[in-house]
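Index from 1, following the sequence.
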Amino acid sequence: MMGLFISGIVLFSLVIIVCIFLLVRLSHQESLFMEVSNRYLKDIGKSYHKDTYAMAIYELYRDIIDGVQKENYEFLRDVLSDEIYNNYLMGIKLSKDRQVKNVVADMKPTFSKLISLIVKDGTEVAKVWLRVSYIEYALDMTPLTEEQKKVVRGDRVVGGSKTKRLEKEYILTLVKTHTPKESVACPSCGYVTHVILRNHCIRCGANIVNRKYHWVLIGKEERALSHQPK
């Protein structure tokens with residue numbers, strides 16, 4: 001009887017250890033953000049590869065940052081959720097109130113990975129793990145007097161650096177309406193463009209789809225810099 005009791009305790013302990021091991025392993029995998037495979041994309045009917053998609057999302061994010069600096073509200077309204085769009089508007093207004101212009105220059109991707117793509121109820125939701133390097137600084141935009149103009153030369157940098165590169169890491173969440181047709185002919189020049197990745201013709205630049213059919217950024221989570229994935 002005692003032997004059976006001890007065996008039960010040992011078996012129970014082994015189950016607990018195995019469960020803990022699996023939880024740790026799953027947590028580790030989640031923290032690494034395992035990359036979506038090309039096989040998975042093919043199985044769900046996608047015509048693009050994971051690297052192509054990940055780079056396209058980096059380009060979209062870069063264009064968003066550029067759109068904020070140029071105050072391209074029409075573009076931003078089309079590619080951002082209401083919440084993110086309003087947050088950027090508040091940032092632009094705050095900078096103007098302070099008479100400061102924030103500049104982000106020479107952005108480059110350190111890495112970009114598609115870590116999730118789910119199709120459900122006519123909607124596609126994707127997550128991209130993105131790290132970028134860039135230069136960021138702030139310019140004083142306070143109007144100068146005529147006397148000050150004679151003395152002041154060049155940009156008036158009041159924050160950041162025009163030479164030091166920074167790095168940030170994000171998890172970007174994007175959503176679009178699911179459509180089995182992943183390409184469309186441009187109404188302007190006839191060139192066939194993959195609407196899955198772009199909302200404008202790559203040949204002539206004409207707008208070819210509305211926000212219902214292209215990716216819209218709905219979430220942006222900044223993360224502490226991790227080790228670069230292999």
Can you tell me how far the [atom1] atom of [X] sits from the [atom2] atom of [Y], to the nearest 0.5 Å?
{"X": "Ser47", "Y": "Lys42", "atom1": "OG", "atom2": "NZ", "value": "12.0 Å"}
{"X": "Lys113", "Y": "Glu35", "atom1": "NZ", "atom2": "CD", "value": "4.5 Å"}
{"X": "Leu76", "Y": "Asn86", "atom1": "CG", "atom2": "CG", "value": "11.5 Å"}
{"X": "Lys176", "Y": "Ile218", "atom1": "NZ", "atom2": "CD1", "value": "13.0 Å"}
{"X": "Leu89", "Y": "Ile84", "atom1": "CG", "atom2": "CD1", "value": "12.0 Å"}
{"X": "Arg156", "Y": "Tyr137", "atom1": "CZ", "atom2": "OH", "value": "13.5 Å"}

Determine whether [X] and [Y] make a side-chain contact, defined as any pair of heavy atoms from C-beta on separated by less than 4.5 Å.
{"X": "Tyr53", "Y": "Leu41", "result": "no"}
{"X": "Gln69", "Y": "Val104", "result": "yes"}
{"X": "Glu124", "Y": "Trp215", "result": "yes"}

Would a hydrophobic clustering, with Ile, Leu, Val, Met, Phe, Trp and Tyr connected at side-chain separations under 4.5 Å, put [X] with [Y]?
{"X": "Ile65", "Y": "Leu80", "value": "yes"}
{"X": "Tyr85", "Y": "Leu217", "value": "yes"}
{"X": "Val132", "Y": "Ile135", "value": "no"}
{"X": "Met55", "Y": "Tyr134", "value": "yes"}
{"X": "Val36", "Y": "Ile44", "value": "yes"}

Review point. Just by modelled atom types, is the Asp106 backbone N or O under 3.5 Å from a matching donor or acceptor in the Arg165 side chain?
Key: yes
**Study point:** Side-chain donor/acceptor of Ser112 to backbone N/O of Ala54, under 3.5 Å
**Key:** yes
Work out which heavy atom in [X] is nearest to a heavy atom in [Y]; give both atom names and the distance.
{"X": "Leu114", "Y": "Lys127", "result": "CD1-O, 3.5 Å"}
{"X": "Val216", "Y": "Ser81", "result": "CG1-N, 3.6 Å"}
{"X": "Tyr48", "Y": "Leu117", "result": "OH-CD2, 3.5 Å"}
{"X": "Val68", "Y": "Ile92", "result": "O-CD1, 3.8 Å"}
{"X": "Lys220", "Y": "Tyr88", "result": "NZ-OH, 3.1 Å"}

Not counting sequence neighbours, which residues clear side chain to side chain donor-acceptor pair (under 3.5 Å) with [X]? List them please.
{"X": "Lys168", "answer": "none"}
{"X": "Tyr73", "answer": "Glu71"}
{"X": "Asp155", "answer": "Lys162"}
{"X": "Asp97", "answer": "Lys93"}

**Study point:** Over-ring placement of Arg131 relative to Phe111, 6.0 Å and 45° cut-offs
**Key:** no
Review point. Is there a side-chain contact (heavy atoms from CB on, under 4.5 Å) between Leu60 and Leu174 once you walk through the steps?
Key: CA-CA 11 Å; Leu60 173 62; Leu174 304 105; 3.8 Å; yes
Study note, to complete from the structure: Between Ile115 and the options Leu172, Leu130, Ile171, the side chain to side chain contact (heavy atoms under 4.5 Å, CB included) test singles out Ile171
Set of salt bridge (Lys or Arg N to Asp or Glu O under 4.0 Å) partners for [X], sequence neighbours left out:
{"X": "Asp66", "result": "Lys70"}
{"X": "Glu146", "result": "Lys149"}
{"X": "Glu147", "result": "Lys150"}

Results of side-chain contact (heavy atoms from CB on, under 4.5 Å) for [X] - residues two or more places apart only:
{"X": "Leu94", "answer": "Arg98"}
{"X": "Ser95", "answer": "Asn102"}
{"X": "Gln99", "answer": "Thr142, Pro143"}
{"X": "Arg39", "answer": "Ser37, Asp43"}

**Study point:** Side chains of Trp129 and Glu169, donor plus acceptor under 3.5 Å
**Key:** yes
**Study point:** Glu222 atom CD, neighbour heavy-atom count above 12 within 6.0 Å
**Key:** yes
Point to revise | side-chain contact (heavy atoms from CB on, under 4.5 Å) assessment of Glu59 paired with Ile57 | key: CA-CA 5 Å; Glu59 292 172 354; Ile57 295 305; over 6 Å; no
Exercise for review: Carefully, step by step, assess Val100 and Leu139 under the rule side-chain contact (heavy atoms from CB on, under 4.5 Å).
Suggested key: CA-CA 6 Å; Val100 170; Leu139 299 177; over 6 Å; no
Revision key, fill the gap. Those residues at least two apart in sequence (or on a different chain) that pass ring-ring contact (aromatic ring centres under 6.0 Å, His included) with Tyr61 are Tyr170
